[in-house]
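Heads up: the structure comes next, in structure tokens.
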Amino acid sequence: MMKKILLSAWLMLLTIIPTGRVTLEAAGASSSGLSANKDKFLGNITTGWGSDMDTNGFRFSDYWNQVTPENATKWESVERTRGRYDWSGADKAANYARQKGFPFKFHTLIWGSQYPKWMDRLSADDQYKAIEKWMDEVKKHYPDLEMIDVVNEAIAGHAPAPYKAALGGDGKTGYDWIIKAFEMAHERWPNAILIYNDYNTFQWNTDQFIDLVRTIRDAGAPIDAYGCQSHDLGGVDKTKFAAAMKKIQDALKMPMYITEYDIGDTNDANQKWNFQQHFPVMWEADYCAGVTLWGWIYGQTWINNDQTGEKGISGIIRNGQERPALKWLREYMQTEKAIKAKSPFPGMVKEASLYVKPSAIVTTRGERLNIKVEASMRTKTVDHVDLYINNTLVKTMTAAPFEAEYTPEKEGKYEIKAIATTTDGTAYQRLSGFTVYAPREAYNGVKQMPGTIEAEDFDAGAEGLSYHDSDNRKEGDATSYRSNGGGVDIVKGNGGYAIGYTASGEWLEYSVNVTVAGEYTCEALASCGSEGGSAFTVSLVKDGQVTPLCKISVPMTANGDWGVYKAVTEKFKVPLEAGEQTLRITIDKPYVNIDKLVLTCTKTGIDDIRVEDRATHVYNLSGQKVDANYKGIVIKNGKKIINR
């Protein structure tokens, strides 16, 4: 029976855990391992490829009550050859966990490493189909997974999936592909704890980690917890480590898992000191749902001694003996603090699936937002959902769909808080948020088409609204060319200014007025000093939909000279309609300088010639505005008509 969970400041979400293969037994039924705490686990990984769980004369369950396969559930391991699936190693771990009654975690669905390399030869459409097939096969084999590392190491510079474009790429949020992956996982495992996992963010890339998790949470991704790999913490004292944990939790206010803790040191005293510094801080945090060590048998872990090449030095059992760190851990786990440490998932299960999805996380003053709350329970019944914005109650909703509208009147950051209360009075909370800016506007006026777009003249606005900068630069960091402080890089080039230092996923938007409807070509003046060249896409943005018009491939200029700009011309795939609209440049392959785009109408087409009354705001065939007295063929509403 789930104990009653009182609402607290840090408890942001609790979803459900499955009722299948490794399910209800894991709900606190197991007393195996060093941990006597019924609410959080002390886990470890499998030892070697396809090896038995009990190994080297030691029983896994004597020490650990949760298992994560180190490699056996990674996509490459399961489907190295397309269409052929090897579950043998994964099944050993999953079946062992089921028999012992403790949780099994699937690691991982989407990762930029250890994925099958045949994916690289597929088109984006076929990659998406392959991802769907992969998840469907996992679902078929493990229908009731209780924990999943959905996406692993996606921070720039870590290992984001090279096939992320198949999932939508960076998109408006910068992380659309990650959101899509979580949505796909939630569709298949609505009761699983879905986790984003990344490398040692306690020391490096902490701000980027916070930004990623908070962004996908605020955008409505069904993420239930964040996982902090905890490698390379050797020498970090308790004070520094606790401060890093607190910084992340204060920003995210979500359940956390310590997912891959290890201390690689041949010196027993050093290893023990590090365990003593870190482990109580992890374990006793009431937002920490569990700790998974990454290896336990010396010689059979992934960490080597850099100087001697000695393998497996993070192991805590060496030569058949428990090392001092493990002896200390055994004693610590028997203390009252360890046994009574609280967890955001009592019983190691989650009760509530609670997610908040605003229609946008970046908007403008006076623009109406639709806010949807998804609320469902594992064993309870939702009585009502209260929606707060900046701690002011906006709406109480008593029946699904739980939806509300809100129009911000001031600029700034807004916090959304949804509190779902069940019929037994238990409350569950989830945070989200959005940022409000002044309405966007054209920079140096609306661009008239046919005509020229200077690349540096992207619309004035804000990050995520009129542009996206993959480097996460702050407002005011751009050159003095832009008085609005837009965050992309502007460089001198081709006798003026250009967009430079581009990174994949960046985009810029331009307000344009198409005076002549029809078919268009785009001539881009650009340079690239990188071997292999670069590329960007020009798209039409309308009603939230992005329609690619053409892809511009820019070859490396002579001798890699960034100062040499060349013209590259491509035809738009679809014709442009007359009127004001938005064009977007998206960087597909990095390291391109873009000076300008010249758009030329190559064919207007006569698809509807008819006699009409005289009208105003029409154009002649040269794209010049004419009045109602103009006689002959004119363009009105994107079509040719005859004025008489």
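Computed from heavy atoms alone, side chains included, the values below leave out hydrogens, waters and symmetry copies. Just so it is clear, the model here is predicted, and its values are computed rather than measured.
Side-chain contact check for His158 and Gln208: no donor-acceptor pair (N or O, by modelled atom type) lies under 3.5 Å. Asn513 and Glu580 are not linked by any side-chain donor-acceptor pair at a separation below 3.5 angstrom, with hydrogens and angles left out of the test. Between the side chains of Glu463 and Tyr437, no donor N or O sits under 3.5 Å from an acceptor N or O.
In terms of heavy-atom proximity, Ala130 sits nearest to Arg82 at CB-NH2, 4.4 Å. Pairing each heavy atom of Ala219 with each of Lys357, the nearest pair is O-NZ, 3.1 Å. Closest approach of Val554 to Cys528, counting heavy atoms only: CG1-CB, 4.0 Å. Taking all atoms of both residues into account, the shortest heavy-atom contact from Leu109 to Met135 is CD1-CE, 4.2 Å. Shortest non-hydrogen contact noted between Ala124 and Ala166 is O-CB, 3.4 Å. Shortest non-hydrogen contact noted between Thr557 and Asp561 is OG1-O, 2.7 Å.
Here CG of Asn593 is found 12.0 Å from CG of Leu525. Values are rounded to the nearest 0.5 Å. Separation of atoms CH2 (Trp189) and CG (Leu194) is listed at 9.0 Å; rounding is to 0.5 Å. We find the OH-CD1 distance between Tyr163 and Ile110 to be 4.0 Å, quoted to the nearest 0.5 Å. A distance of 4.5 Å separates CD1 of Ile587 from OG1 of Thr502, quoted to the nearest 0.5 Å. Interatomic distance, CZ of Arg188 versus CG of Asp136, reported as 4.5 Å (0.5 Å rounding). Annotation: the span from Thr215 atom OG1 to Ile210 atom CD1 amounts to 11.0 Å, rounded to 0.5 Å.
Taking 4.0 Å as the cut-off between side-chain N and carboxylate O, Lys417 and Asp386 do not count as a salt-bridged pair. Contact check on Asp459 versus Arg584 returns no salt bridge, with no Lys/Arg side-chain nitrogen under 4.0 Å from an Asp/Glu carboxylate oxygen.
For the side-chain contact (heavy atoms from CB on, under 4.5 Å) with Ile179, the qualifying choice from Val151, Ile216, Leu167 is Ile216, the only one to do so.
Within the structure, the side chain to side chain donor-acceptor pair (under 3.5 Å) test picks out no pair touching residues 519-529 (sequence neighbours left out).
Ring planes of Trp507 and His468: tilted class, angle from 30 to 60°. Relative ring orientation between Tyr196 and Phe209 is described as tilted, the plane-to-plane angle lying within the 30° to 60° band.
Side chains of Leu583 and Leu599 form a contact here, defined as non-hydrogen atoms less than 4.5 Å apart. Between Glu183 and Pro222 there is a side-chain heavy-atom pair separated by less than 4.5 Å. Taking the side chain as every heavy atom from C-beta outward, Trp134 and Met184 never approach each other to under 4.5 Å.
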Would you mind writing out the side-chain donor-acceptor pairs for residues 111-120 within the sub-3.5 Å range, not counting sequence neighbours?
residue: Trp111; atom: NE1; partner: Glu153; partner atom: OE1; Å: 3.1
residue: Gln114; atom: OE1; partner: Lys74; partner atom: NZ; Å: 3.2
residue: Gln114; atom: NE2; partner: Asn71; partner atom: OD1; Å: 3.0
residue: Tyr115; atom: OH; partner: Asp120; partner atom: OD1; Å: 2.7
residue: Tyr115; atom: OH; partner: Asp120; partner atom: OD2; Å: 3.3
residue: Lys117; atom: NZ; partner: Tyr115; partner atom: O; Å: 2.9
residue: Trp118; atom: NE1; partner: Glu79; partner atom: O; Å: 3.1
residue: Trp118; atom: NE1; partner: Arg80; partner atom: O; Å: 3.4

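No more than 12 heavy atoms of other residues, nucleotides or ligands sit less than 6.0 Å from atom CD of Glu441. Counted within 6.0 Å of NZ on Lys551, heavy atoms from surrounding residues, nucleotides or ligands total 12 or fewer; the atom is thus considered open. Other residues, nucleotides and ligands place more than 12 heavy atoms under 6.0 Å from the NZ atom of Lys172. In Tyr591, the OH atom is not crowded: 12 or fewer heavy atoms of neighbouring residues, nucleotides or ligands sit closer than 6.0 Å.
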* Given salt bridge (charged side-chain N to carboxylate O under 4.0 Å, His left out), test Asp170 with Lys164 step by step and report yes or no. => CA-CA 8 Å; Asp170 293 332; Lys164 68 179 184 179; 3.1 Å; yes
